[in-house]
Amino acid sequence: MIAAGTIRAAFCADPGELWSSKIRPLVDVNCVKCHGPLEQKSGLELDTPEAAFKGGDDGKVIVPGKPEESLLFQYLDPKSDPHMPPKKQLGSVEIASVREWILSLGSESRESNAKTNVAGQFATITEAVDGFMAEGWSKRGVSASAPLDDRGWCRRIYLDLAGRIPAASELENFLQTGTERKREELVDSLIASDEYAVRMRELWDVFLMGRVKRENQEERRIKSGWWSFLEYSFRENRPWNETVREMLVARPAKEELKGAYWFLFERRDEHQLIAEAVSPVVYGTRINCAQCHDHPLAREIKQAHYWGLVAAFNRSKNVKDEGVAESAVGGYVNFTNLKKESQPALVTLLNGKTLPETWPAGDQKEEDTDDKYMDPKAKVRVPKLSRREAFADAATQDNPLLARAFVNRMWSVFMGRGLVHPADEMNARNVPSHPELLDWLARDFAKSGYDIKRLVRGLVLSRVYGLSRGDAVPESFAAAIERPLSAEQLARSWRVASGAPKEDEKLRRAVVMSIPEVLPKEYNATFQQAQFLENSPVLAELLKPGAGNTAERLSRLQNNSEIIREAFLSVLGRLPDTEEVSAAKDFLKEQTNKSAAGGELLWALMINGEFLTMP
């Protein structure tokens, strides 16, 4: 029998966190193939905690709080017969994780009984975030990191809401403001600015469409009005469900919404690609893995959901330079599961709804007659009974997953990861780190009429948003998570730091091509990115002295201490410490071209890790 070990504090561990961080990865690799949604040997399923608790043909395999009495644990012993997994022995660390999880289950009922119901106590989003988080920190036994000072917070909020660092004058104005509400006032002014609309468009263009891959793809998004549609929607604070509906229906009612059709149009009548793009938006999770069979890990995602979503759009067809038409007939297809059984692809939503529709009987064929269209002579024909529109209504009017998906995605934007991580995998496989908070935020967002600016304001004014970095585990949100700047943030911030007078499309495009990731699940800088930062011609151009820019201003300073001071304030928004002053002086002494030395120091600071990441 496996030794009891020395695990202490197991009763303080959270079973859900242990499952997500330690047990589920272990089970996915070693158990789910034979004990999961697709196959259940001995009647046992182990892909979710709930399934594991049910046991199998031989009864329960888990005794909460008692690993030595649990078959699930006993079978891991090297001498056990039967032994699991077959023909393989788990390591001692993995076995200890299973033991820790089963031990933690013994305290679950006690913890749930003692749990405080705080959901009804909050009047604002900020109060809810801070209240639920404080409860979570207490439960986990962690302490939050110190709050970020005004200088760091100002830099962070400009990057998040304006997509750039503050200019020196903007930072100084904020620091000199003496009102108690100066943070609220700055947030309100930024949210009301055009820069906010552009920043949100930059993010959601990538979330919805992916980074541009072809040379003319960006130009076509601009020409089609897609960018303008997104910017208009965020600037005017249009309800999110209405914005999503416009994208799915793709029949804009006014000029400002013209570009909405591009969401479907760019997929070029590839209806499976459309379905796979729609799913994270309206459900919060990808369904790609359910194309050939029910999802092998997330049991709530069925093959019928995948093909039902395809069916919602398979009557659609692009009309060149005009929009996305829709047929009034056809689109009746079947899909085949792994058992070779053919099933009709009904428009079935992940929230359990199936749209009513009468299929032709037998070999009966429908005739595509003019009387089935609103205007049969229109270039972009619209059927009187639109399957696409019916789906769009169902997905945006009575679908709680829509609000959850948006709230979780915006949380990931401002906090560095979602309450469910990854942000586009909100399914049974990825439990929320703070489920009560996610529930509260989603309900509040829907109740507010999908008010985006209200949500953004509430999140960024929270204590959680304003924390400094620390050693806390990311899913606790007890410290700020390191976040790399996006390409757009970086290009715009380089321009501000260098004192360049206006936006530079050449610079922005060069950075986007070299640093394409936006909120990567796991950030790893590449060799190509490092090469770009070290040798970028567009950055070199920014740092040539001229036209009163920062490099020119530094070139007029005679004292190295002054050069260093001004360089740090311009780039990092702060004064250098003693060690930095010493290192910078040594750096300047090594420069052979004294007139360009200030620019070289600027370059070194602008590719420094502090500049490349959020405060």
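All of these numbers come straight from a predicted model, not from anything done at the bench.
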Review point. Taking 4.0 angstrom as the limit, do R199 and E202 come out as a salt bridge?
Key: yes
Review point. What pair of heavy atoms forms the shortest contact from F414 to L161, and how long is it?
Key: CE2-CD2, 3.9 Å
Point to revise | Closest non-hydrogen atom pair between A423 and S412, with its separation | key: CB-OG, 3.9 Å
**Study point:** Side chains of P615 and E610 in contact at under 4.5 Å (non-hydrogen atoms)
**Key:** no
Practice item. Answer whether the closest heavy-atom distance between the side chains of L148 and R156 falls below 4.5 Å. Key: yes
Check your understanding: If we only count heavy atoms from C-beta on, is the V512 to R509 side-chain gap below 4.5 Å?
Key -> no
Exercise for review: Determine yes or no for a side-chain-to-main-chain donor-acceptor pair under 3.5 angstrom, with S145 supplying the side chain and G470 the backbone.
Suggested key: no
Check your understanding: Is a side-chain N or O of S462 found less than 3.5 angstrom from the main chain of T126, in a donor-acceptor match?
Key -> no
Practice item. Would you check, one step at a time, whether the test side chain to side chain contact (heavy atoms under 4.5 Å, CB included) holds for R238 with E246? Key: CA-CA 11 Å; R238 297 186 71 239; E246 291 289 346; 4.0 Å; yes
Point to revise | F132 and F122 aromatic centres sub-6.0 Å | key: yes
Review point. What is the distance from atom CE of M247 to atom CG of L257, rounded to the nearest 0.5 Å?
Key: 12.0 Å
**Study point:** Criterion side-chain hydrogen bond (donor to acceptor under 3.5 Å, both in side chains) against T613, the qualifying member of E482, R483, R469
**Key:** R469
Exercise for review: Could you tell me if the ring centre of W204 sits under 6.0 Å from that of W226?
Suggested key: no
Exercise for review: Would you kindly check if the NZ (Lys) or CZ (Arg) of R201 is within the cone defined by 45 degrees around the ring axis of W227 and under 6.0 Å from the six-membered ring centre?
Suggested key: yes
Review point. With distance as the sole criterion, is a donor-acceptor pair present between the side chains of Q529 and E534 under 3.5 Å?
Key: no
Check your understanding: Considering only heavy atoms from C-beta outward, does the side chain of I165 approach that of Y158 to under 4.5 Å?
Key -> no
Review point. Between V581 and I564, which heavy-atom pair has the shortest distance, and what is it?
Key: O-CD1, 3.8 Å
Check your understanding: Counting distance only, does the side-chain N/O of S233 pair as donor-acceptor with the main-chain N or O of F229 below 3.5 Å?
Key -> yes
Check your understanding: Under the side chain to side chain contact (heavy atoms under 4.5 Å, CB included) test, which residues partner E600, sequence neighbours left out?
Key -> F587, Q591
Check your understanding: Is F568 close to L575 at the side-chain level, that is, under 4.5 Å between some pair of heavy atoms?
Key -> no
Practice item. Walk me through it: do E195 and R164 pass the test salt bridge (Lys or Arg N to Asp or Glu O under 4.0 Å)? Key: CA-CA 9 Å; E195 287 182 297; R164 61 174 175 85; 2.5 Å; yes
Compile the donor-acceptor pairs under 3.5 Å between side chains in residues 472-480 and protein atoms, sequence neighbours left out, one pair per line.
| from | atom 1 | to | atom 2 | distance (Å) |
| --- | --- | --- | --- | --- |
| S476 | OG | V473 | O | 2.8 |
| S476 | OG | A478 | N | 3.2 |

Point to revise | Sidechain-backbone polar pair: R495 side chain, A491 backbone, donor-acceptor under 3.5 Å | key: no
Practice item. Dump the intermediate steps for side chain to side chain contact (heavy atoms under 4.5 Å, CB included) on R492 and V198, then the final yes or no. Key: CA-CA 12 Å; R492 203 173 285 118; V198 172; 4.0 Å; yes
Point to revise | Among R454, M200, R457, the one residue meeting side chain to side chain contact (heavy atoms under 4.5 Å, CB included) with I191 | key: R457
Exercise for review: Could you check if a side-chain atom of M133 sits within less than 4.5 angstrom of a side-chain atom of R463, using non-hydrogen atoms only?
Suggested key: no
Practice item. State whether the side chain of K453 and the backbone N or O of R235 hold a donor-acceptor pair below 3.5 Å, judged by distance alone. Key: yes
Exercise for review: Without swapping roles, check the side chain of E170 against the backbone of A167 for a donor-acceptor pair under 3.5 Å.
Suggested key: yes
**Study point:** Listed partners of Y450 passing ring-ring contact (aromatic ring centres under 6.0 Å, His included), at least two apart
**Key:** F445
Exercise for review: Look at the side chain of S224 and the backbone N and O of R221, then say whether any donor-acceptor pair between them is shorter than 3.5 Å.
Suggested key: yes
Review point. Do E172 and Q176 come within less than 4.5 Å of each other through their side chains, counting heavy atoms only?
Key: yes
Practice item. Look at the side chain of N408 and the backbone N and O of L438, then say whether any donor-acceptor pair between them is shorter than 3.5 Å. Key: no
Review point. Counting only heavy atoms not in D471, do more than 12 fall under 6.0 Å of its CG?
Key: no
Review point. Does a side-chain N-to-carboxylate-O contact under 4.0 Å join E505 and R508?
Key: yes
Exercise for review: Kindly indicate, with the supporting measurements, whether the criterion side chain to side chain contact (heavy atoms under 4.5 Å, CB included) is fulfilled by W411 and V420.
Suggested key: CA-CA 9 Å; W411 181 278; V420 175; over 6 Å; no
Practice item. Inspect the contact between R574 and E580 and indicate whether a charged nitrogen and a carboxylate oxygen are less than 4.0 angstrom apart. Key: yes
Review point. Salt bridge or not for K213 and E266, using N-O below 4.0 Å?
Key: no
Review point. Which atoms form the tightest heavy-atom contact between L554 and L602, and what is the distance?
Key: CD1-CG, 3.7 Å
Check your understanding: Where do E552 and R556 land on the salt bridge (Lys or Arg N to Asp or Glu O under 4.0 Å) test, with the steps shown first?
Key -> CA-CA 7 Å; E552 192 273 335; R556 290 189 277 106; 3.0 Å; yes
**Study point:** Pair Y283, N427: side-chain N/O donor-acceptor within cut-off below 3.5 Å
**Key:** no
Check your understanding: When you measure from the side chain of N430 to the backbone N and O of E425, does any donor-acceptor pair fall under 3.5 Å?
Key -> yes
Point to revise | Residue pair W262 / R220, side-chain heavy-atom distance below 4.5 Å | key: yes
**Study point:** R183 NZ/CZ over W153 ring centroid, <6.0 Å and within 45° of normal
**Key:** yes
Exercise for review: Test side chain to side chain contact (heavy atoms under 4.5 Å, CB included) on F532 and V511 and set out the steps.
Suggested key: CA-CA 8 Å; F532 171 75; V511 183; 3.8 Å; yes
Point to revise | Nearest heavy-atom neighbours spanning A405 and V281 | key: CB-O, 3.7 Å
Practice item. Run the numbers on K258 and Y232 for side chain to side chain donor-acceptor pair (under 3.5 Å), then give the verdict. Key: CA-CA 11 Å; K258 174 186 174 184; Y232 171 79; over 6 Å; no
**Study point:** Minimum heavy-atom distance between A510 and V538, given as atom pair plus value
**Key:** CB-CG2, 4.0 Å
Review point. Under 3.5 Å, side chain of Q489 to main-chain N/O of S486, donor-acceptor pair present?
Key: yes
